[in-house]
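Structure, as structure tokens:
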There are 2 protein chains.
Amino acid sequence: MATISDVAKLTGLSKATVSRVINNHPYISKEKRALVQDAMKELGYFPNPSARRLRGHITSTIGVIVPRIVNPFFSYLVNSMEQVAYKNNYQVLMFQSDENIDKELYFLNLLKTRQVDGIIMTSIENDWDNIEPYTQYGPILLCNEYLSHSNVPTVRLDQTKGTYIGIKHLLDKGHKKIGYCTGGLFAEDGKDKDRNQGYQTALSEAGISVNPNWIFINKHTIDDGKRVMSQIMEMDDKPTAIFTGSDEIAAGVIIEAKDHGWRIPEDIAIIGFDDQPIAEMLDPKLTTIRQPINQMGEKSVEGLITLLKDKNGSVENIELPVELVVRDST
Amino acid sequence: MATISDVAKLTGLSKATVSRVINNHPYISKEKRALVQDAMKELGYFPNPSARRLRGHITSTIGVIVPRIVNPFFSYLVNSMEQVAYKNNYQVLMFQSDENIDKELYFLNLLKTRQVDGIIMTSIENDWDNIEPYTQYGPILLCNEYLSHSNVPTVRLDQTKGTYIGIKHLLDKGHKKIGYCTGGLFAEDGKDKDRNQGYQTALSEAGISVNPNWIFINKHTIDDGKRVMSQIMEMDDKPTAIFTGSDEIAAGVIIEAKDHGWRIPEDIAIIGFDDQPIAEMLDPKLTTIRQPINQMGEKSVEGLITLLKDKNGSVENIELPVELVVRDST
DNA sequence: TTGTATGCGTTATCAT
DNA sequence: ATGATAACGCATACAA
């Protein structure tokens with residue numbers, strides 16, 4: 001492997017000069033610069049990132065933590081981040097936490113050892129108190145997730161409004177018995193609290209009170225959706241519509257409903273969240289809340305790079321708008 | 001950041017001894033070992049991977065190149081690789097080439113500079129002649145892709161058989177006019193050549209000759225599928241069944257067909273490839289060829305680790321079986 | 001404008 | 001069983 005010494009030897013210059021060329025320092029004669037560049041090409045020279053990291057603090061690598069890459073929401077998110085990063089000459093180191101606190105901590109340590117310059121977290125498993133100490137080693141930006149009681153830079157979606165307009169849409173369609181799935185616990189201050197609030201606000205504005213039987217907690221997957229629908233079918237007092245937490249849950253609900261001969265939206269109206277590609281593939285096509293995933297990825301990376309470049313700068317929190325996409329399931 | 005020196009200082013031992021503890025060397029007294037381990041914990045010490053990489057050749061990082069992470073086939077593949085790697089104390093550095101030869105080369109350079117110990121390529125953009133030189137820096141394993149004229153270790157699926165059993169299934173159902181989508185060009189020795197061969201063999205065994213009008217090349221996405229169906233609908237002599245190259249293309253075909261009132265499988269039978277989650281979400285549920293993605297990811301990582309551990313060892317090529325999953329679209 | 005020398009954190013070699 | 005030291009490849013402070 002060609003090193004900086006090889007280039008120095010070949011050109012007859014010192015390692016320092018070669019290094020200066022690599023790093024675009026001023027005060028280098030044009031001839032030597034050209035000389036070095038030719039030599040680098042000839043030798044197929046490529047700077048060794050490990051040495052650079054060890055020496056300076058430059059890595060131009062961004063770490064991204066996702067809970068699960070097979071979740072399309074996150075694979076699209078990572079994809080958009082990667083595109084923007086690449087354009088800015090940054091690399092993305094993707095890591096899936098598997099919703100495991102140890103894996104998450106393991107990855108945060110890469111910040112400590114400067115394998116990554118900064119980290120974008122799209123989910124949070126550990127308590128913030130355990131994560132906060134890592135911010136001294138580099139910026140951490142929250143994307144999609146957020147914490148009300150901390151002041152980390154955050155890029156997120158207006159989840160409250162997303163849910164609100166979804167429920168509003170169902171109300172406008174005449175529904176009064178509206179079920180609701182959440183990925184969390186329907187607690188005041190827990191996961192998905194914003195969405196919960198949107199649900200509650202919309203209902204209370206319509207003068208409808210929440211029926212606890214129609215609240216389904218901890219739902220995420222297609223199978224969860226199927227189970228939800230099974231439960232609904234066994235109820236005496238059934239909801240006429242259901243707001244699911246994701247297109248995947250909605251897919252499960254639809255599949256199960258159709259398997260039992262229910263008509264959608266006549267027997268039950270269904271609304272998703274995300275507007276993933278499957279939303280259009282389902283039959284009936286899924287009414288859902290579109291999240292600007294690409295934009296969120298872009299803003300996150302741009303924000304982190306800003307933080308990286310201006311060590312003392314700050315990035316204002318960004319809240320992206322969501323949108324109702326009406327199709328045939330409502 | 002705590003370094004090995006800090007640990008040495010705190011314990012009153014030398015850096016060398018600390019290093020030995022870290023690397024599980026023999027000949028260390030139990031007491032000192034315990035002493036060091038306590039100190040490491042106390043200081044929150046974590047070895048610096050850059051320094052290790054620079055010094056030795058140990059990184060325990062595997063690089064994986066995928067064309068596009070948003071393609072579920074690849075996100076599931078990467079996921080299974082990551083799981084196995086983590087169990088073996090390896091990290092996965094995922095990179096998407098975007099089917100761009102420069103990005104691919106860029107990533108291969110990480111092998112040269114030892115950022116990764118070895119690389120698993122799930123797609124190949126450059127000519128092998130341009131990739132081959134990198135094998136001197138570390139093992140490269142091909143997963144899913146393969147090259148007939150090279151001897152890189154390869155883990156792949158029996159694509160020929162996959163296509164063969166799919167076509168055979170359609171023939172058994174009485175179809176004689178069977179369309180076919182390929183991701184490549186239907187060339188003798190190009191991309192997807194194995195699948196093409198499976199298609200041709202099955203047809204010729206049934207005494208049916210290939211109708212070039214029913215061959216659709218370069219198809220990958222849902223939209224491609226929609227276009228394929230549009231074309232079919234305009235034909236005078238229409239196929240009664242179509243073998244698509246992926247569940248996504250199949251989804252596009254189904255959507256377009258239903259949008260125009262065609263019944264499936266009565267008006268046209270459709271068969272996918274992959275058995276992705278969407279296969280079961282489509283209506284009608286999709287008959288498809290199941291690929292053992294998880295197994296492929298596992299075998300790849302295990303194979304690469306074997307290569308990594310035994311520098312001179314070799315890994316035999318692995319060909320995994322595929323399976324026909326009959327649902328309602330045929 | 002260019003060169004010399006030092007250290008980043010680690011591990012292998014050679015002593016002890 | 002443990003310690004001192006050199007070297008990995010690079011970037012910077014200091015000298016020239």
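Just so it is clear, the structure is predicted and the values come from calculations on it, not from any experiment. A, B, ... follow the sequence lines: proteins, then strands. Residue 1 opens every chain.
- Between T17(A) and dG3(C), a side-chain N or O to OP1/OP2 separation shorter than 4.0 Å is present.
- Residue I4(B) is in base contact, counting any heavy-atom pair closer than 4.0 Å across all strands shown.
- In this structure, CG in L157(A) is found 12.0 Å from OH in Y146(A), a value given to the nearest 0.5 Å.
- Rounding to whole angstrom units, CZ of residue R53(B) and P of dG9(D) are separated by 15 Å.
- The side chain of A16(B) approaches dA12(C) more closely than any other nucleotide in the set dC10(D), dA12(C), dG9(C).
- Applying the 3.5 Å distance criterion, the base of dG3(D) shares a donor-acceptor pair with the side chain of R20(B).
- Under 4.0 angstrom from either OP1 or OP2 of dG9(D) there lies no side-chain N or O belonging to T3(A).
- In this structure, K9(B) places its NZ atom 11 Å from P of dG9(C), rounding to the nearest Å.
- Atoms CG (N48(B)) and P (dC8(C)) sit 12 Å apart, rounded to a whole Å.
- Residue H25(A) has no polar side-chain atom (N or O) positioned under 4.0 Å from OP1 or OP2 of dT2(C).
- Considering CD of Q96(B) and OG1 of T122(B), their distance stands at 10.5 Å, rounded to 0.5 Å.
- Electrostatic pairing of R68(B) and E82(A) does not count as a salt bridge here, judged by no charged N lying under 4.0 Å from a carboxylate O.
- Atom CG in N23(B) sits about 17 Å away from atom P in dG9(C), given to the nearest Å.
- Of the listed nucleotides (dC8(D), dG3(C), dT10(C)), dC8(D) has the atom at the smallest distance from the side chain of L54(B).
- Using a 4.0 Å cutoff on non-hydrogen atoms, the parts of residues 29-44 of chain A near DNA chain C are S29(A), K32(A), ordered by number.
- Between Y27(A) atom OH and dA16(D) atom C1' there is a gap of 17 Å when expressed in whole angstrom units.
- Cation-pi geometry between K112(B) and Y106(B) is not met: the NZ or CZ atom fails to fall both under 6.0 Å from the ring centre and inside 45° of the normal.
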Side-chain donor/acceptor pairs under 3.5 Å, residues 5-19 of chain B, sequence neighbours excluded:
unit_1, atom_1, unit_2, atom_2, d
D6(B), OD2, T3(B), N, 2.7
T11(B), OG1, V7(B), O, 2.9
T11(B), OG1, A8(B), O, 3.1
T11(B), OG1, L13(B), N, 3.3
S14(B), OG, A16(B), N, 3.4
S14(B), OG, T17(B), N, 3.3
S14(B), OG, T17(B), OG1, 3.2
S19(B), OG, N23(B), ND2, 3.4

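- A distance of 11.5 Å separates CG in D117(A) from CG in L110(A), rounded to the nearest 0.5 Å.
- Interface remark: the K15(A) side chain does not form any donor-acceptor pair with the dT4(C) base, using a distance-only criterion of under 3.5 Å.
- Here the C1' atom of nucleotide dA12(C) and the CG atom of N24(B) are 17 Å apart, to the nearest Å.
- As judged by a 4.0 angstrom heavy-atom cut-off over every strand, S19(A) is placed among the base-contacting residues.
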side-chain hydrogen bond (donor to acceptor under 3.5 Å, both in side chains) between D98(B) and Q83(A): does it pass, once the steps are laid out?
CA-CA 9 Å; D98(B) 267 331; Q83(A) 306 289 347; 3.0 Å; yes
